[in-house]
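Each ligand, and each atom within it, is numbered from 1 in the order the structure gives. Just so it is clear, the model here is predicted, and its values are computed rather than measured.
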Amino acid sequence: MSTALANLELAPTITVGKHTYQTQPLIPGEQIQERVDIMGQELASRYADRGEVHLVTVMNGALHFASDLRRSMLAANPDLTMTSDQVKVSSYTGTQSSGVLRFQSAPTIDIKDKHLLVVEDILDSGLTLKWLMNYFHAQEPASMEIAIAVDKDNPERRPNLLGSTVMHTGFTIPNEFVIGYGLDVDQEYRDLQGIYTLTPVAA
Ligand code: IMP
Ligand code: MG
């Protein structure tokens, strides 16, 4: 699979704004591409009966994952009818976290009776996806499933938060802050091919 991502050797220490972090490679880019290819094949055959899929990408983090996934799905099943849209969700008003989620950019395509696949970068507290699932459920899609690149083992996440929603997961990772493959720290480092953990270094 071709990719637009940068295959960098990330320095062992990086500074972003006023913060310095130690970095540690967690998942190499090649391993991500292999896994996403397999997910794409699995999803292509899963949606073959339904004949169509409406892919909603949660921006900005899922940008690379969604683009790789859709390419793999179509390579595996060129007959699949694929439509797409993107949303942006924010929990902030100004610079203050309000704790209340809202669309910074709302869906533009009606999902009623569509086979919806929501594509997100990471599942952490799960609150973003929970909120999105509730919103989409009310719009009566024909079916709704989730694809996430990484599932963070966050012990504070309420078990069964997303109920019986079918979830397709790339990797499960420890409860650490990560960057790369769409994931950012203050909007930087999204375009790394691999995923790295960040540990703050005391100033
Ligand atoms: P939630 O806590 O599951 O609602 O995740 C909210 C959002 O926080 C995710 O969609 C990511 O954009 C972001 N996020 C969570 N964990 C990380 C991380 O380790 N690195 C970068 N972004 C993260
Ligand atoms: Mg996100």
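- With salt bridges taken as basic N to acidic carboxylate O contacts below 4.0 Å, one links Arg157 and Asp151.
- Electrostatic pairing of Glu176 and Lys152 does not count as a salt bridge here, judged by no charged N lying under 4.0 Å from a carboxylate O.
- Every heavy atom of Gly61 sits 4.0 Å or more from the atoms of ligand 1.
- For the pair Tyr196/Leu26, no side-chain contact is recorded, criterion being any heavy-atom separation below 4.5 Å from C-beta on.
- Within ligand 1, the atoms closer than 4.0 Å to a non-hydrogen atom of Lys152 are 16 (N), 17 (C), 18 (C), 19 (O), numbered from 1 in the order shown.
- The shortest side-chain heavy-atom distance between Val56 and Leu116 falls under the 4.5 Å cut-off.
- For ligand 1, the atoms closer than 4.0 angstrom to any heavy atom of Ser125 are 1 (P), 2 (O), 3 (O), 4 (O).
- Put simply, the side chain of Asp85 gets close to the backbone of Thr108: a donor and an acceptor are under 3.5 Å apart.
- In this structure, Trp131 has its ring center closer than 6.0 angstrom to the ring center of Phe103.
- Of all the atoms in ligand 1, the ones that sit under 4.0 Å from a non-hydrogen atom of Thr128 are 1 (P), 4 (O), 5 (O), 6 (C).
- The option with the heavy atom closest to atom 20 (N) of ligand 1, from among Val178, Leu198, Leu183, is Val178.
- With a 4.0 Å cut-off on non-hydrogen atoms, Val185 does not touch ligand 1 at all.
- Between Glu120 and ligand 1, an N or O atom pair is found at a separation short of 3.5 Å.
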Given side-chain hydrogen bond (donor to acceptor under 3.5 Å, both in side chains), test Asp121 with His64 step by step and report yes or no.
CA-CA 9 Å; Asp121 52 1; His64 296 303; over 6 Å; no

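- Using a 4.0 Å cut-off to heavy atoms of Asp184, the atoms of ligand 1 that qualify are 21 (C).
- Between Leu129 and ligand 1, no pair of N/O atoms sits closer than 3.5 Å.
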